[in-house]
Engineer: 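The structure follows.
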Amino acid sequence: MELVYSVDYRSLPKSDFLLEDKTVCSLSCKNILAFSRQSSGSKDGSYFEVVHEVCVFDLDRPWEDFKVTEMPVPVVYMRWDPSGSRLLIVNSEGTFTVWIMENYLINRWQEFGKTELPGEEVLVLAWLHNGIQVLFNPDKQNVVAYNEKFQRVKFSPSVSLFGNKPVDGWMAVTSSGMVTVGLLQEQEQRLITAKECLAPGYLRLTQADIAFMVTGEVMVAASDGTVGSAIQCFNVSVRMETNACRIVSHPGASFFLRSLTDYNNRDNQNLHVSKLCFLNRENSDVLLACCAGPGHSCVEVWHLLEQTMPLHRVFQSANSPELAYKMPKWMHKASIQHNSHLTDIARPKLPMNRSYNIETTSFLSYFACTYRDGSIKIIHRQSYQVLHTSSMETLDLVSSLTSDHQHTGLPHLISCVQTNTGCGLVGQSQGSLCVFRVFNSRDGSLQLSPAFVVQMLEYTMLVGYDVWDVLLTVRQGMVEALHQQVNDNYQKQTPSIQEMLRIRLMRLRMALCSIIPSGRQRSAECRALLTLYSVSSVLRSIVRPKSVTPQEKGPLEKLSALCNMSSETDLDTLLKNLDPDDFIVESLKREKGGQPSLHVLQPFIQWIADFVLHLLSTVPLVQNGNTMPGAYLLRDVGVLAMLRDTMAVIRLWGAVNPACLPSFSTTTFHDCLGHIFKLLSKLAQMRKDGASVELEENLVDECASLPSKVLVPDFHNSYGHDSCSFAVFTQPPALRFTFGVDPDFLYTVRKGFLTYPSEVAPNAGQRHDIVRHIQLGVTPGRPIRECIRCGACSLLQSTTTAVLLKSWEKRFVVECLCGGHWKLS
């Protein structure tokens with residue numbers, strides 16, 4: 001266990017007063033942390049006007065926070081929904097508020113709906129299950145096929161409509177034993193709420209937790225805080241009935257804590273139940289219950305099993321004399337004791353099958369217990385053995401806490417939560433948010449093996465999680481091997497799966513290259529490939545066959561085969577026997593007014609042409625040994641073949657509508673498109689013949705003279721601007737940040753970013769729209785959204801009426817091309 005960084009989240013200035021600074025937090029699947037803090041409600045920073053703010057920040061940029069809302073009363077619970085797009089906030093007055101991002105901007109929030117439950121203390125809050133569960137099985141680390149390595153299990157949604165369509169909503173349990181449910185109606189922009197008691201009468205509860213069952217029911221475990229009382233369990237089902245919600249609760253199996261008999265000789269009046277939680281929200285079979293006393297605590301692990309009860313012979317029939325009745329029963333499995341009070345339990349979020357072999361598999365899933373004396377215990381998820389014990393004193397955090405914070409007692413974590421894959425822990429101490437690196441391995445060095453890292457990277461790529469927390473386990477010496485292994489496994493998948501995960505794979509490769517200082521060049525190339533595949537998908541959607549038959553090839557397949565077999569460098573000669581009408585969808589040939597519609601694709605076609613110019617102009621620089629983006633792409637035969645096919649299609653489209661052709665600033669070439677196609681064809685043929693290092697001098701000379709004959713656009717349009725994403729991994733731990741203050745190493749990262757030679761392509765200083773591929777100028781006059789990770793920008797509002805471009809823009813409404821959230825700049 002290792003501290004990666006800590007963030008000072010205080011907004012109130014230092015004072016001689018000791019203020020109670022409690023905070024709650026929640027981590028989304030996109031690694032966006034939402035937390036609450038106290039702030040001054042007046043401009044002069046008075047302590048007597050305190051408000052409670054809710055802010056969010058990306059774990060990759062912990063120095064930049066964004067405000068969601070503020071309220072005059074404390075926040076008691078916050079939960080992200082499974083998609084990471086909605087935030088549910090509950091305050092101490094019992095007000096439930098759902099907040100969503102306005103236009104998917106992380107610094108602009110709007111209220112979706114609100115409901116109140118006055119006079120009730122909320123004990124637990126959870127979003128309803130949507131029925132999607134993909135298991136992570138460590139035993140299948142060597143399986144290649146994704147559909148066999150990661151299996152989707154049958155899991156019924158908590159609330160469903162016709163066709164088993166899940167309904168988004170939440171469930172909460174209060175101290176009086178009341179269950180409240182809120183369901184979101186997206187189209188009507190309203191909430192459907194309902195409430196019901198767990199038992200026929202009101203209860204007095206101090207601890208409760210929620211877990212989901214495969215049948216769609218919800219199990220609620222509750223306790224009144226007394227060790228002598230039973231831990232009661234209830235099975236709750238929620239149904240939609242004619243735009244109304246109905247809640248039904250049935251009692252389940254209950255049990256008494258083991259501590260009641262273990263501490264029989266002590267004063268039982270000082271014992272109480274301080275924590276009650278299921279080991280995993282998607283598994284209701286394991287329950288953790290903590291019994292606390294004066295100066296000690298004991299976490300008990302209980303399993304829910306089916307016990308067979310034989311029937312009396314009076315009730316047995318002659319046809320089935322051995323008929324037995326099965327009933328659920330809780331069994332005690334283990335106890336974890338410590339000489340301090342428990343503060344929180346960080347449960348695993350990764351869904352796993354408990355039947356995998358823990359003896360032969362070195363991967364260990366865990367849960368973490370934090371205590372008031374500063375101890376942190378990492379405990380095995382299945383054997384319940386303590387794997388590792390750390391303290392705040394050994395994590396180099398005491399100096400950062402004691403120097404700026406005035407508090408009493410030992411420094412400790414108030415609460416703690418695991419990341420999506422369990423590779424990291426996010427903890428809260430007095431005034432600080434801390435991120436720890438945790439390795440899930442049986443090895444003494446606590447280092448995760450490369451095989452499990454590859455499996456985790458593929459799992460996040462498949463389910464759509466953010467990869468940031470998995471990179472915590474990656475050493476810089478492992479990057480090249482991981483990069484190659486992930487790419488090799490991807491190439492062995494079916495074509496349909498490759499097409500579905502192509503964009504996510506490029507994001508993953510870009511992230512892997514960005515965590516090492518020497519990988520910025522490869523990261524820029526991955527970004528260019530990411531854009532190339534995205535643009536190519538739009539252009540390929542235009543090339544559709546008129547009739548689909550298994551025996552005949554489509555027009556694009558015919559063109560690719562022709563370009564692959566032919567070594568012809570003249571573009572017109574290559575395409576003289578092809579009909580341009582076969583390469584355009586009929587609806588795009590003419591619009592309703594009779595105007596050609598292919599011109600709407602001109603920005604995408606222009607980007608392809610500019611990218612080819614960038615590649616060709618770097619040939620002499622790479623040949624001389626310079627480190628320039630494009631060095632690896634110039635050796636990739638597949639990329640060169642794709643560009644060659646795309647340029648051939650562009651020439652065919654130009655015969656139908658010349659307005660869609662790219663424009664070049666040149667006075668030398670009459671046909672610049674044909675000239676760069678000739679150079680690209682020569683380069684592709686040499687790479688195909690095996691010229692991996694040296695190229696012919698004639699080709700190098702022609703590429704060297706290219707910038708003097710045609711104006712080469714800004715390289716940043718293809719490879720991106722100075723990106724500081726994943727810069728935290730390039731710095732030695734433990735780092736310390738403050739909201740609103742950029743760290744000093746950002747200047748070094750930006751200075752060491754790729755610089756393009758001015759004699760090849762001068763930096764125009766203009767902003768480039770990463771989605772529409774148009775120039776926005778130096779100071780755009782329209783609202784601009786910016787990616788919080790890579791810094792790419794795009795227009796906030798759409799400027800087109802073409803259906804094709806509208807559907808393209810919707811692909812990047814939620815997130816940037818790199819996967820980061822948008823913000824309004």
Side-chain angles (χ1 to χ4, degrees), residues 1 29 132-153 155 279-280 282-283 347-367 378-383 385 387-388 418-425 437-494 497-498 500-502 504-509 511-513 515:
M1 190 170 180
C29 63
I132 301 176
Q133 187 184 61
V134 182
L135 292 182
F136 180 86
N137 193 347
D139 288 334
K140 297 186 178 182
Q141 57 174 319
N142 298 323
V143 178
V144 176
Y146 291 163
N147 57 352
E148 298 179 4
K149 181 183 291 188
F150 309 110
Q151 295 181 350
R152 180 171 176 173
V153 298
F155 208 104
L279 183 60
N280 187 270
E282 296 179 326
N283 186 4
R347 300 177 290 183
K349 299 181 179 179
L350 196 64
M352 295 179 61
N353 191 353
R354 293 186 55 85
S355 63
Y356 80 93
N357 194 344
I358 64 175
E359 300 297 333
T360 60
T361 305
S362 59
F363 180 86
L364 300 180
S365 183
Y366 70 95
F367 64 94
I378 306 298
I379 304 170
H380 193 274
R381 183 177 182 174
Q382 290 183 312
S383 64
Q385 297 178 356
L387 303 175
H388 182 70
Q418 285 193 35
T419 58
N420 300 310
T421 58
C423 299
L425 286 175
R437 177 185 287 111
V438 183
F439 302 108
N440 303 344
S441 176
R442 193 187 298 273
D443 191 4
S445 61
L446 295 178
Q447 176 59 53
L448 195 63
S449 63
F452 291 123
V453 177
V454 171
Q455 190 178 9
M456 278 193 169
L457 292 174
E458 293 173 343
Y459 180 83
T460 56
M461 180 177 62
L462 184 67
V463 300
Y465 286 171
D466 184 60
V467 75
W468 189 91
D469 59 316
V470 184
L471 299 180
L472 291 171
T473 65
V474 178
R475 299 189 305 268
Q476 294 190 357
M478 301 167 52
V479 171
E480 189 64 32
L482 294 176
H483 188 279
Q484 187 64 35
Q485 186 63 41
V486 170
N487 188 64
D488 292 343
N489 292 348
Y490 170 81
Q491 297 299 332
K492 298 177 183 178
Q493 307 304 316
T494 60
I497 294 181
Q498 289 186 15
M500 181 184 66
L501 300 178
R502 187 184 301 274
R504 296 181 183 178
L505 174 71
M506 298 312 303
R507 291 175 179 175
L508 177 58
R509 293 172 58 183
L512 278 174
C513 296
I515 65 175

Engineer: I need the minimum non-hydrogen distance between Gln493 and Gln498, along with the two atoms involved.
Structural biologist: O-NE2, 3.0 Å
Engineer: For residues Val453 and Met478, report the shortest heavy-atom separation together with the two atoms involved.
Structural biologist: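 Taking Val453 first and Met478 second, the nearest heavy atoms are CG2-CE, 4.1 Å.
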Engineer: Stepwise, does the side chain to side chain contact (heavy atoms under 4.5 Å, CB included) test hold for Asn280 with Arg381?
Structural biologist: CA-CA 10 Å; Asn280 187 270; Arg381 183 177 182 174; 3.7 Å; yes
Engineer: Between Arg502 and Tyr490, is the side chain to side chain contact (heavy atoms under 4.5 Å, CB included) condition met? List the steps.
Structural biologist: CA-CA 9 Å; Arg502 187 184 301 274; Tyr490 170 81; 3.5 Å; yes
Engineer: Verify side chain to side chain contact (heavy atoms under 4.5 Å, CB included) between Leu425 and Gln418, making sure each step is shown before the conclusion.
Structural biologist: CA-CA 5 Å; Leu425 286 175; Gln418 285 193 35; 3.5 Å; yes
Engineer: Measure the shortest side-chain to side-chain distance between Leu471 and Leu512 over non-hydrogen atoms and say whether it is less than 4.5 angstrom.
Structural biologist: yes
Engineer: Taking atom CE of Met352 and atom CG of Leu135, what is their separation to the nearest 0.5 Å?
Structural biologist: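 Those atoms lie 9.0 Å apart.
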Engineer: If every non-hydrogen atom of Gln151 is compared with every non-hydrogen atom of Lys140, which pair is closest and at what distance?
Structural biologist: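 Smallest interatomic distance, heavy atoms only, reads NE2-NZ, 2.8 Å.
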Engineer: Measure across Leu472 and Cys423 and return the closest heavy-atom pair with its distance rounded to 0.1 Å.
Structural biologist: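 Scanning both residues, the minimum pair turns out to be CD1-O, 3.9 Å.
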Engineer: Could you give me the CA-CA distance, side-chain angles and deciding distance for Lys149 and Tyr459, then say whether side chain to side chain contact (heavy atoms under 4.5 Å, CB included) is met?
Structural biologist: CA-CA 9 Å; Lys149 181 183 291 188; Tyr459 180 83; over 6 Å; no
Engineer: Please identify which of these residues, Gln491, Lys492, Gln484, meets the side-chain hydrogen bond (donor to acceptor under 3.5 Å, both in side chains) condition with Asp488.
Structural biologist: Gln484
Engineer: Considering all heavy atoms of both residues, which atom of Gly422 and which atom of Tyr366 are nearest to each other, and what is their separation?
Structural biologist: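 Nearest pair, atom of Gly422 first, then Tyr366: O-OH, 2.8 Å.
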Engineer: Going by the side-chain contact (heavy atoms from CB on, under 4.5 Å) test, name the single residue among Asn487, Leu501, Val486 that passes it with Leu508.
Structural biologist: Val486
Engineer: Say you draw a straight line from CG of Leu505 to CD of Glu458; how long is it, rounded to the nearest 0.5 Å?
Structural biologist: 9.5 Å
Engineer: Apply side-chain hydrogen bond (donor to acceptor under 3.5 Å, both in side chains) to Arg437 and list each qualifying residue two or more places apart in sequence or on a separate chain.
Structural biologist: Glu2
Engineer: Return yes if some donor-acceptor pair links the side-chain N/O of Asn420 with the main-chain N/O of Asp469 below 3.5 Å, else return no.
Structural biologist: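 Side chain of Asn420 to backbone of Asp469, a donor-acceptor pair under 3.5 Å: no, none is there.
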Engineer: When rounded to the nearest 0.5 angstrom, what distance separates OG1 in Thr419 from OH in Tyr465?
Structural biologist: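 Between Thr419 OG1 and Tyr465 OH, I get 11.0 Å after rounding to 0.5 Å.
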Engineer: Supply the atom-to-atom distance Leu387 CG to Met1 CE, rounded to the nearest 0.5 angstrom.
Structural biologist: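 The distance works out to 12.5 Å.
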Engineer: How long is the span from the OG1 atom in Thr421 to the CG atom in Leu457, to the nearest 0.5 Å?
Structural biologist: 9.0 Å
Engineer: Quick one: CZ on Arg507 to CE on Met461, what's the gap to the nearest 0.5 Å?
Structural biologist: 12.0 Å
Engineer: Is the backbone of Ile132 close enough, under 3.5 Å, to the side chain of Arg152 for a donor and an acceptor to pair up by distance?
Structural biologist: no
Engineer: Is the closest side-chain donor-acceptor distance between Gln485 and Asn489 under 3.5 Å?
Structural biologist: yes
Engineer: When you measure from the side chain of Thr460 to the backbone of Val467, do you find a donor-acceptor pair of N or O atoms at a distance under 3.5 Å?
Structural biologist: no
Engineer: Grab the two heavy atoms, one from Phe452 and one from Pro138, that are nearest each other, plus how far apart they are.
Structural biologist: CE2-O, 3.7 Å
